[in-house]
Amino acid sequence: EAQVTQNPRYLITVTGKKLTVTCSQNMNHEYMSWYRQDPGLGLRQIYYSMNVEVTDKGDVPEGYKVSRKEKRNFPLILESPSPNQTSLYFCASSTNRGLRQNEQYFGPGTRLTVT
Amino acid sequence: QQQVKQSPQSLIVQKGGISIINCAYENTAFDYFPWYQQFPGKGPALLIAIRPDVSEKKEGRFTISFNKSAKQFSLHIMDSQPGDSATYFCAAESTGRRALTFGSGTRLQVQP
């Protein structure tokens with residue numbers, strides 16, 4: 001089954017404790033992206049990657065890091081989480097080619113609470 | 001600065017009625033306009049999308065109307081069903097940059 005998986009699905013942590021949210025896709029997609037969803041703000045893009053070793057900032061990159069060492073994985077790293085990073089996070093992927101480029105497939109989400 | 005403005009925030013429609021959600025954008029570089037549907041506890045899923053070379057696209061009960069000169073686009077759900085109850089997001093993207101910008105979402109409730 002074609003899918004985007006995220007782990008963990010739920011996470012409660014404390015301020016300053018480094019954490020990583022993993023994202024993996026099995027569709028051989030070149031493009032991957034991270035979003036955060038907050039009430040009344042929709043989804044906002046954090047970082048995206050056009051392909052392996054190619055990453056770029058989205059609209060709200062402060063406080064986050066990403067890496068793209070393998071095509072299927074795109075982890076999101078919070079080096080020193082703060083309460084304002086409490087949010088629902090989504091990973092997404094799509095191909096960069098042909099008519100189906102731009103169609104992003106989303107993972108199930110990771111709900112993060114930073115106390 | 002919100003580049004894609006969506007309205008209304010919430011919408012209640014009777015079964016069989018028409019649901020209409022509107023979006024307006026500012027960036028003329030946008031060339032791809034999708035609508036995503038999100039059910040509680042799930043990630044958004046692509047519902048329907050349009051490119052600015054056409055003014056309308058229909059897929060089943062779902063239609064996008066696009067007005068390039070006004071920089072507006074809307075989603076129409078015909079014969080709305082209780083199973084359509086979800087949050088709908090419009091979005092816009094410039095293919096060159098591949099950064100999807102979302103509207104703030106509309107929570108649709110279809111009453112039986």
Side-chain angles (χ1 to χ4, degrees), chain A residues 2-7 9-10 21 23 25 27 29-51 54-61 68 74 87-111, chain B residues 1-10 21-27 29-54 57 59 64 75 86-108:
Chain A
Q3 60 183 352
V4 178
T5 57
Q6 297 179 225
N7 283 292
R9 294 291 312 279
Y10 303 91
V21 183
C23 173
Q25 50 91 8
M27 295 170 279
H29 283 165
E30 297 84 13
Y31 177 94
M32 296 185 75
S33 182
W34 276 103
Y35 299 86
R36 60 178 289 173
Q37 183 176 8
D38 302 290
L41 296 177
L43 288 88
R44 293 178 292 167
Q45 192 176 48
I46 302 171
Y47 270 94
Y48 65 98
S49 169
M50 295 292 285
N51 215 322
V54 181
T55 63
D56 206 349
K57 296 178 180 179
D59 294 325
V60 288
R68 187 87 182 276
F74 190 44
S87 187
L88 180 58
Y89 291 85
F90 288 100
C91 180
S93 73
S94 75
T95 183
N96 281 343
R97 295 170 288 179
L99 294 176
R100 301 194 75 84
Q101 65 174 304
N102 304 102
E103 294 183 20
Q104 294 197 28
Y105 295 82
F106 282 79
T110 295
R111 185 166 291 280
Chain B
Q1 179 188 1
Q2 190 177 11
Q3 294 195 55
V4 179
K5 295 184 178 179
Q6 183 172 346
S7 63
Q9 275 190 316
S10 62
I21 305 170
N22 300 299
C23 284
Y25 64 97
E26 300 169 3
N27 187 347
F30 289 147
D31 58 3
Y32 175 73
F33 302 89
W35 284 88
Y36 280 82
Q37 180 188 56
Q38 185 180 31
F39 293 105
K42 303 291 185 182
L46 180 65
L47 184 64
I48 186 173
I50 196 168
R51 296 193 182 274
D53 52 342
V54 296
K57 183 174 181 179
E59 291 184 0
I64 299 178
L75 176 69
T87 299
Y88 292 82
F89 292 96
C90 63
E93 184 176 80
S94 168
T95 300
R97 183 168 181 261
R98 295 300 312 276
L100 201 56
T101 299
F102 282 85
S104 55
T106 297
R107 186 173 180 182
L108 172 65

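Values below: every heavy atom of this structure, side chains too, minus hydrogens, waters and symmetry copies. The chains referred to below are lettered A, B, ... by the order of the sequence lines, with proteins before strands, and numbering in each begins at 1.
In terms of heavy-atom proximity, F89(B) sits nearest to Q37(A) at CZ-NE2, 3.2 Å. Nearest heavy-atom pair across E103(A) and L46(B) is CG-CD2, 3.5 Å. Here the closest non-hydrogen pair linking G40(A) and S104(B) is O-CB, 3.4 Å. Y36(B) and Q104(A) make their closest contact through OH-N, 3.3 Å (heavy atoms, listed as atom of the first residue, atom of the second, distance).
With Y35(A) contributing its side chain and F102(B) its backbone, the two residues share no donor-acceptor pair below 3.5 Å.
Contact of Q6(A) with chain B is not made at all, since no heavy-atom distance falls under 4.5 Å. At a 4.5 Å heavy-atom cutoff, the contact between A99(B) and chain A is made by backbone and side-chain atoms alike. Residue contact with chain B, scored on non-hydrogen atoms closer than 4.5 Å, is absent for R44(A). Heavy-atom distances place no part of P34(B) under 4.5 Å from chain A, backbone and side chain included.
Taking D31(B) as the reference, T95(B) meet the side chain to side chain donor-acceptor pair (under 3.5 Å) condition, with sequence neighbours excluded. For the side-chain contact (heavy atoms from CB on, under 4.5 Å) test, residues two or more places apart in sequence or in another chain that qualify with R111(A) are Y10(A), L88(A).
The distance from the CZ atom of F90(A) to the NZ atom of K42(B) is 11.0 Å, given to the nearest 0.5 Å. The line from OG1 of T101(B) to CG of L43(A) is 11.0 Å long, rounded to the nearest 0.5 Å.
The number of heavy atoms from other shown groups lying within 6.0 Å of CZ (R9(A)) is above 12.
The choice from G105(B), A45(B), P44(B), G43(B) that makes the most heavy-atom pairs within less than 4.5 Å of chain A is P44(B).
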